Number of protein chains: 4
Amino acid sequence: MIITVASFKGGVGKTTTALHLAGYLQGRGSTLLIDADYNRSASRWAERGKLPFRVVEDGSSQNVLSGFRPNHVVIDAPARPTPEELKALAERGDLLVLPTTPDTLSLAALESAMTLLAGIHGLRYRVLLTITPPYPSQAAEKAREELEQAEISLFGRDIPRAVALQKAADAGSLVSEVRAPRALLCWLAYCAIGNELTEILLESWLEGG
Amino acid sequence: MIITVASFKGGVGKTTTALHLAGYLQGRGSTLLIDADYNRSASRWAERGKLPFRVVEDGSSQNVLSGFRPNHVVIDAPARPTPEELKALAERGDLLVLPTTPDTLSLAALESAMTLLAGIHGLRYRVLLTITPPYPSQAAEKAREELEQAEISLFGRDIPRAVALQKAADAGSLVSEVRAPRALLCWLAYCAIGNELTEILLESWLEGG
Amino acid sequence: MIITVASFKGGVGKTTTALHLAGYLQGRGSTLLIDADYNRSASRWAERGKLPFRVVEDGSSQNVLSGFRPNHVVIDAPARPTPEELKALAERGDLLVLPTTPDTLSLAALESAMTLLAGIHGLRYRVLLTITPPYPSQAAEKAREELEQAEISLFGRDIPRAVALQKAADAGSLVSEVRAPRALLCWLAYCAIGNELTEILLESWLEGG
Amino acid sequence: MIITVASFKGGVGKTTTALHLAGYLQGRGSTLLIDADYNRSASRWAERGKLPFRVVEDGSSQNVLSGFRPNHVVIDAPARPTPEELKALAERGDLLVLPTTPDTLSLAALESAMTLLAGIHGLRYRVLLTITPPYPSQAAEKAREELEQAEISLFGRDIPRAVALQKAADAGSLVSEVRAPRALLCWLAYCAIGNELTEILLESWLEGG
DNA sequence: TGAGTTAGAATGGCACCACCCGTC
DNA sequence: GACGGGTGGTGCCATTCTAACTCA
């Protein structure tokens with residue numbers, strides 16, 4: 001399967017999401033992460049440590065992949081794509097993952113962009129709430145309600161804000177490999193997203209023929 | 001004076017910083033905020049509530065400013081500018097404010113971009129640490145040390161992570177107008193940045209002639 | 001399915017194991033825990049807090065279950081059963097779970113008792129290593145090697161020693177409901193045991209007709 | 001003197017306690033350990049290595065002791081005795097030693113059983129906290145407070161959790177003969193219990209006539 | 001002189017606690 | 001004002017590595 005991770009605003013955990021979804025998919029088959037973001041965050045992450053899958057930059061010559069046919073591909077799309085770019089991204093993959101934080105600015109950028117995507121026929125996407133503040137903040141629930149009212153499809157689970165994800169970035173590894181207070185919780189959240197993702201695609205394939 | 005706020009990564013509080021610096025400068029003279037970001041976050045912020053200064057979009061026709069000669073101008077620059085754009089931005093204003101969060105990804109993006117700016121002669125800039133996590137996190141101090149070791153100039157004070165700033169965004173006002181636990185602290189932090197900013201420019205004018 | 005949890009020595013987490021396996025199975029269908037231990041530990045656990053399944057004492061009159069037909073049953077067997085009791089327990093259920101700690105005394109008691117079980121035809125059982133000390137102790141691995149050399153079947157995962165399980169006992173709830181450093185890890189361990197358990201029974205049903 | 005070691009729950013160090021108290025008493029006179037536990041843990045311990053005192057099983061014919069009149073006798077009682085058995089055990093010896101771990105399940109079993117013992121006139125007993133987790137756990141202190149509040153007499157010192165005791169069980173010797181980090185500490189703890197024990201009996205003999 | 005033994009240092013990890021933030 | 005929760009720091013335990021010491 002081909003998963004595209006894109007966002008209309010930076011700093012919402014797009015690269016982190018792409019990396020961990022690739023890590024999850026790697027457990028189900030060989031996976032390739034294509035780093036198409038301009039600042040090469042995913043590539044730098046990979047350079048710092050050891051990731052269980054391959055990471056290549058988008059513009060890199062194809063011969064680096066000679067003989068490598070991955071079962072899954074995750075694309076870390078460029079930030080803030082134009083509607084045309086987004087349409088191309090959506091058509092390039094099986095599912096579009098749109099991470100967003102539960103703050104007003106990110107939600108506003110997301111909602112205004114979603115109106116542009118409404119015109120794309122047969123678009124498969126899911127919004128992922130990320131960096132949600134811990135209890136007792138209700139920001140995540142408020143954001144979820146607001147998005148559901150706008151009839152925007154979103155994953156059933158959020159990615160919490162935790163230092164474990166920062167440590168993973170520091171170490172250049174996945175959060176599942178990090179010793180930090182809530183690392184396991186973060187990894188389980190990404191696994192839940194991965195499971196939901198496969199279910200969505202399985203369902204769409206069944207009905208789509 | 002003309003202040004340009006730019007960043008190489010999204011979600012670091014660029015718009016929030018531009019708005020509050022404009023709010024601070026408005027107390028010292030008529031101020032205009034130019035919203036040059038593609039997603040119009042500053043404009044939308046202004047539309048939601050009441051800001052004590054004018055906000056115009058970059059591409060808007062000039063006649064909306066007919067007869068308005070502001071003492072100060074703050075530019076909310078587009079996200080992730082190219083080196084050429086950044087050079088143009090730097091030359092367009094008196095000082096470049098570069099907000100960044102203290103996480104690894106943002107710092108890496110900042111440092112790699114700073115190497116590009118090293119070639120610009122007479123560049124005046126300051127890096128502003130934003131959204132710094134509260135005690136007992138040492139992320140802010142670590143980031144400060146790392147940046148100082150890289151000989152990157154940064155403001156003496158940070159902007160803390162607080163819900164007060166989120167509420168300000170929700171209300172469409174400045175954090176000084178918001179009733180929230182640490183609103184005053186956030187506002188004082190921005191005032192301190194504003195003071196440091198005027199000192200920097202005063203000093204540069206004195207020596208620069 | 002009917003799971004029987006028994007042990008030849010006390011203090012090896014028999015009740016804890018029975019409770020958490022019941023909690024896991026409850027997620028897959030209505031589950032009943034029969035507390036057949038003389039000291040009523042499971043019943044007392046249930047009285048202290050809120051468990052997501054029903055707990056009844058073995059000798060209680062049947063009418064307390066009037067109209068309740070659980071999908072799964074977990075039996076917290078009496079400690080140190082005689083070979084005849086153990087045979088009856090094994091025939092009463094689908095699988096016998098035998099928790100043991102990795103210390104010499106428990107292992108010796110287990111191995112000597114396993115020789116008695118060797119005569120039972122078609123016995124389905126698994127040994128579960130519990131309360132395994134954390135890194136860098138190698139007690140768990142040593143015990144695992146010793147048991148495998150004795151050709152004793154054991155689950156692939158251990159239940160670690162953690163205060164989270166104590167807190168769960170204090171609170172009268174499952175470890176998944178407890179806020180403690182390694183609570184999630186303990187719960188995942190029990191879930192892994194539960195998964196392995198269903199796989200074992202599924203496999204045996206497939207081949208057993 | 002005749003010391004009986006019993007417990008209402010397994011895995012609390014009953015056999016270890018009986019062995020080491022016998023080892024201590026051997027230093028004050030010839031001592032015999034009677035292994036009355038069904039799983040023969042004490043006998044197996046003795047078989048593995050070399051203990052400074054004799055160990056016999058309860059049911060063994062008396063002629064194995066022909067001509068041996070020990071000064072002291074320690075009885076490793078069967079686990080989880082009925083009230084009648086416990087009464088018989090208590091009357092059989094001078095003092096009843098009841099080891100317990102500081103966890104909720106063991107304490108609950110102990111306290112409920114102590115209500116049964118309240119009816120026994122002239123019962124001499126002491127509760128011994130065993131396997132107490134190291135600093136910074138407060139489980140031992142909490143348990144001590146709880147037991148004191150329930151007016152249950154307990155020894156002044158605890159037996160800590162340490163690998164030295166496991167190594168002693170592996171080697172079939174007393175912890176005083178083992179080379180391990182905290183072996184001496186464990187042995188001193190048992191010596192302190194032994195001293196307290198003799199003081200208790202001395203005092204009771206003085207007043208009891 | 002060499003090998004086995006023993007003591008010390010370093011590592012990794014777990015459990016508790018202090019402090020602060022955000023909501024009710 | 002009270003409470004629940006996250007983050008970082010401290011103290012201690014168990015193991016392993018290293019080095020020195022003893023004895024043949």
Side-chain angles (χ1 to χ4, degrees), chain A residues 102-103 131-142 159-167 170-171 177-186, chain B residues 102-103 131-142 159-168 170 175 178-186, chain C residues 102-103 131-142 160-168 170-171 175 177-186, chain D residues 102-103 131-142 160-168 170 175 178-186:
Chain A
D103 60 295
I131 322 183
T132 58
Y135 179 93
S137 174
Q138 299 173 338
E141 304 156 28
K142 292 283 179 61
I159 306 299
R161 179 180 70 191
V163 288
L165 288 168
Q166 300 283 352
K167 288 196 176 178
D170 292 352
E177 305 299 317
V178 163
R179 299 299 286 186
R182 290 163 69 201
L184 193 53
L185 189 142
C186 290
Chain B
D103 61 296
I131 322 185
T132 57
Y135 180 94
S137 175
Q138 299 175 334
E141 304 156 28
K142 293 281 179 61
I159 306 299
R161 179 179 73 194
V163 288
L165 289 168
Q166 299 284 352
K167 289 196 175 179
D170 292 351
V175 75
V178 162
R179 300 287 294 181
R182 292 160 67 201
L184 184 58
L185 187 144
C186 289
Chain C
D103 61 295
I131 322 185
T132 58
Y135 179 94
S137 175
Q138 298 172 337
E141 303 156 29
K142 294 282 179 60
R161 174 185 6 137
V163 289
L165 288 170
Q166 300 283 353
K167 289 196 176 179
D170 291 352
V175 75
E177 303 300 318
V178 162
R179 302 300 287 187
R182 291 162 68 200
L184 193 53
L185 188 141
C186 290
Chain D
D103 61 294
I131 321 183
T132 57
Y135 180 95
S137 175
Q138 299 175 334
E141 304 157 27
K142 293 282 179 61
R161 181 179 72 194
V163 288
L165 289 169
Q166 300 283 352
K167 290 195 174 180
D170 292 352
V175 75
V178 163
R179 301 292 291 181
R182 290 161 68 201
L184 185 58
L185 188 143
C186 289

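Keep in mind that what you see is a predicted model, and the values were worked out from it rather than measured. Letters A, B, ... mirror the listed sequences (proteins, then strands); counts begin at 1.
- Using a 4.0 Å cut-off, no side-chain N or O of R161(D) falls inside it from OP1 or OP2 of dC13(F).
- Between R182(A) and dT7(F) there is a side-chain polar atom (N or O) within less than 4.0 angstrom of OP1 or OP2.
- Residue E177(A) contributes atom CD, which lies 16 Å from atom P of dG12(E) at whole-angstrom precision.
- dC13(F) atom C1' lies 13 Å from atom NZ of K167(D), rounded to whole Å.
- Listed here is the closest heavy atom pair of A162(A) and C186(A): CB-SG, 3.8 Å.
- V163(C) has its side chain out of reach of S137(D): every pair of non-hydrogen atoms, C-beta onward, lies at least 4.5 Å apart.
- Each end of the helix from dT1(E)-dA24(F) to dC24(E)-dG1(F) gets its own rotation axis from five pairs of C1' atoms, and the angle between them is 20° to the nearest 10 degrees.
- The CG-C1' distance, from L184(A) to dG6(F), rounds to 17 Å in whole Å.
- Taking side-chain N and O atoms only, R179(A) has no distance below 4.0 Å to OP1 or OP2 of dG12(E).
- Interatomic distance, OG1 of T132(A) versus NZ of K142(A), reported as 14.5 Å (0.5 Å rounding).
- If you check dT7(F), dA15(E), dC14(E) against the side chain of A162(A), the one that comes closest is dT7(F).
- Summarising the geometry, the separation between CD on E141(B) and C1' on dT7(F) is reported as 13 Å, rounded to the nearest angstrom.
- Atom pair Y135(A):OH and dG4(F):C1' shows a separation of 5 Å (rounding to whole Å applied).
- Atom NZ in K142(A) sits about 13 Å away from atom C1' in dG22(E), given to the nearest Å.
- Put simply, Q138(C) has a side-chain N or O that comes within less than 4.0 Å of OP1 or OP2 on dT16(F).
- Between V175(B) and A183(B), the shortest heavy-atom distance links the atoms O-CB, 3.4 Å.
- Where P181(B) and P136(D) each meet DNA chain E at their nearest nucleotide, the meeting point lying more 5' is that of P136(D).
- Under a 3.5 Å cut-off, the side chain of R182(B) and the backbone N or O of R161(B) do form a donor-acceptor pair.
- Shortest non-hydrogen contact noted between P160(A) and L185(A) is CG-CD2, 3.4 Å.
- L185(A) places its CG atom 10 Å from the P atom of dT7(F), with the value rounded to the nearest Å.
- P102(D) and A139(D) make their closest contact through CB-O, 3.7 Å (heavy atoms, listed as atom of the first residue, atom of the second, distance).
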